[in-house]
Amino acid sequence: MSRNIAIIGASGGIGSAFVELLSKDQQNTLYTFSRSPQNRSFTRGNVTSASIDYNNEESIYEAAETSGPLDLVIVATGFLHNHTIMPERSLHELSTEKFEKNFLINTIGPALIAKHFLPKMNKKQRSVFAILSARVGSISDNRLGGWYSYRASKAAVNMLIRTASIEVARKAPNTIVVGLHPGTVNSQLSQPFQRNVKPEKLFTAEYSVKKLMGVIQNLNTNDSGKIFAWDGKQIES
C-alpha cells in the first residue's frame, strides 16, 4: 500500500534515519523538512525535500500545504543542549534563556506543526501523527531530578499530544496521535551524557528507528494520546 509521509526534522540523526528507512519502499512518497541543510543526500525519486523555519508559523503552514493527505507524520525535532546551554543539575542553574530555548523547540514548534499538519492527515483510513518525546518528560517516572527546562518542555509536549488526540478523535477518528521515546541514541544530542549509559542501551539511530516503526505499525486508535517507548511499552505521564 502506498503511503504519503512527512518527516519534520529530517536533517537530524533520527529524522534522517527515518527518511533512509522509509524511502527504500518505492511505494512511499516522502516529504522531508528541515531547518538546516539535510546531512544526507536523499536522491531517491520518492523523496521531496524542503526547508522549514520552526520559529515562523507561516513557514510551517507553507510546508503543510505542500503535502497531503498524509498517512504518517513524524516530528523528529528536539533540543537538549548547545555550546552555551546545558541541562540544569540544580535550581540555581535555571534561567529564562534555557526555558525559552527548550520550550520553543520541544513544545511550541511541535504544537504549531500539529496545528497545520494534523488537518492534512488522511481521514479515510488509519493515519499516524507521531512526535518524538522523551521518558524524562514523565512526571511519575522522575526519580533523579535535574534537567528542569528539558523535562518541563517534554512534559508539556506530552500534554499537547494528549489534548490534540481528544480533539482529533472527534474530527478524524482514524487518526492516531502519539508520542515516541527513541531511547538513548548515539548522536550529538546525547554525546555529553553517554558515560553512564550501558552499552546495550546506547542505540544507533538506525536501530532506534527500526524499533519505532515497529511500534507505529502496531498502533490502533485506542493508543491515541499515549506515549510509547522504542520497545512498545507505554510510558505513564
Side-chain angles (χ1 to χ4, degrees), residues 1-12 14-19 21-23 28-36 38 42 46-79 103-133 153-154 156-182 209 212-213 215-217 219 221 223-228:
M1 181 183 295
S2 60
R3 294 184 297 177
N4 287 331
I5 301 168
I7 299 175
I8 297 99
S11 66
I14 294 177
S16 59
F18 268 115
V19 177
L21 176 64
L22 292 169
S23 63
N28 292 335
T29 299
L30 274 69
Y31 303 90
T32 67
F33 303 96
S34 60
R35 182 172 53 185
S36 57
Q38 297 187 18
F42 298 118
N46 59 342
V47 179
T48 300
S49 299
S51 62
I52 190 171
D53 182 355
Y54 308 118
N55 297 329
N56 185 329
E57 187 174 351
E58 182 66 23
S59 175
I60 296 171
Y61 165 79
E62 291 174 356
E65 287 298 299
T66 66
S67 52
L70 294 162
D71 302 295
L72 174 62
V73 172
I74 297 170
V75 184
T77 57
F79 173 80
F103 271 80
L104 181 63
I105 298 176
N106 295 334
T107 310
I108 299 172
L112 294 177
I113 291 167
K115 173 182 176 179
H116 293 290
F117 275 83
L118 273 171
K120 298 295 182 180
M121 303 303 290
N122 190 339
K123 296 179 177 62
K124 296 181 179 180
Q125 61 189 36
R126 174 186 177 274
S127 59
V128 176
F129 183 94
I131 297 175
L132 290 193
S133 186
S153 68
K154 288 298 185 179
V157 83
N158 290 349
M159 178 59 79
L160 163 73
I161 290 164
R162 175 59 180 165
T163 306
S165 74
I166 295 170
E167 178 179 350
V168 168
R170 303 188 191 111
K171 301 177 179 179
N174 291 323
T175 298
I176 302 165
V177 183
V178 295
L180 298 175
H181 168 57
V209 162
L212 290 176
M213 279 308 304
V215 176
I216 289 170
Q217 289 165 358
L219 293 171
T221 54
D223 296 320
S224 194
K226 300 175 182 177
I227 315 298
F228 293 93

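Listed here is the closest heavy atom pair of I161 and K226: CG2-O, 4.3 Å. Residue S165 comes nearest to G225 through the heavy atom pair OG-CA, 3.3 Å, listed as atom of the first residue, atom of the second, then distance. Minimum interatomic distance between F33 and S51 (heavy atoms only, all atoms of both residues): CD2-O, 4.5 Å. Heavy-atom minimum distance, A6 versus F117: CB-CE2, 4.0 Å.
We find the CD1-CG distance between I14 and L212 to be 7.0 Å, quoted to the nearest 0.5 Å. Here the CG-CG distance, from N4 to N28, works out to 8.5 Å after rounding to the nearest 0.5 Å. To the nearest 0.5 angstrom, S133 atom OG is 5.0 Å from I227 atom CD1. The OG atom of S34 sits 9.0 Å away from the CD1 atom of I52 when rounded to the nearest 0.5 Å. Note: K115 NZ to L160 CG = 12.5 Å, rounded to the nearest 0.5 Å.
Checked by atom type and distance alone, the side chain of R162 never pairs as donor or acceptor with a backbone atom of V157 at under 3.5 Å. Proximity of a side-chain donor or acceptor of Y54 to a complementary backbone N or O of G9 within less than 3.5 Å is detected.
Applying the side-chain hydrogen bond (donor to acceptor under 3.5 Å, both in side chains) test to pairs two or more places apart or on separate chains, those with a residue in residues 58-67 are E65-K120. Residue pairs meeting the salt bridge (charged side-chain N to carboxylate O under 4.0 Å, His left out) criterion with at least one partner in residues 104-113, sequence neighbours excluded, do not occur; the list is empty.
Annotation: side chain of L70 is not in contact with side chain of F129 (no heavy-atom distance under 4.5 Å). Residues Y31 and V47 are not in side-chain contact: their nearest non-hydrogen atoms beyond the backbone lie 4.5 Å or more apart. Residues V128 and L219 are in side-chain contact: their nearest non-hydrogen atoms beyond the backbone lie under 4.5 Å apart.
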Apply the test side chain to side chain contact (heavy atoms under 4.5 Å, CB included) to residues I5 and V19: give CA-CA distance (whole Å), side-chain angles for both, the deciding distance (0.1 Å), then the verdict.
CA-CA 9 Å; I5 301 168; V19 177; over 6 Å; no

Show the numbers, then the answer: is there a side chain to side chain contact (heavy atoms under 4.5 Å, CB included) between I216 and F228?
CA-CA 9 Å; I216 289 170; F228 293 93; over 6 Å; no

Please walk me through it: do T77 and L132 pass side chain to side chain contact (heavy atoms under 4.5 Å, CB included)?
CA-CA 7 Å; T77 57; L132 290 193; over 6 Å; no

Assess the residue pair L72 and I74 against the criterion (side chain to side chain contact (heavy atoms under 4.5 Å, CB included)); give the C-alpha distance rounded to whole Å, side-chain angles, the decisive distance to 0.1 Å, and a yes or no.
CA-CA 7 Å; L72 174 62; I74 297 170; 4.0 Å; yes

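Checked against side-chain hydrogen bond (donor to acceptor under 3.5 Å, both in side chains), N122 has the following partners two or more places apart in sequence or in another chain: D71. A search for side-chain contact (heavy atoms from CB on, under 4.5 Å) contacts involving N106 returns F79, N102, Y150, S153, K154, not counting sequence neighbours.
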Which pairs would a plain distance check flag for residues 169-182, meaning a side-chain donor or acceptor within less than 3.5 Å of a matching protein atom at least two apart in sequence or in another chain?
{"residue": "K171", "atom": "NZ", "partner": "E167", "partner atom": "OE2", "Å": "2.7"}
{"residue": "N174", "atom": "ND2", "partner": "K123", "partner atom": "O", "Å": "3.2"}
{"residue": "T175", "atom": "OG1", "partner": "S127", "partner atom": "OG", "Å": "2.9"}
{"residue": "H181", "atom": "ND1", "partner": "R135", "partner atom": "N", "Å": "3.3"}

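A donor-acceptor contact closer than 3.5 angstrom is absent between the side chains of S23 and N46.
When each of I60, N56, N55 is checked for a side chain to side chain contact (heavy atoms under 4.5 Å, CB included) with L112, only I60 meets the rule.
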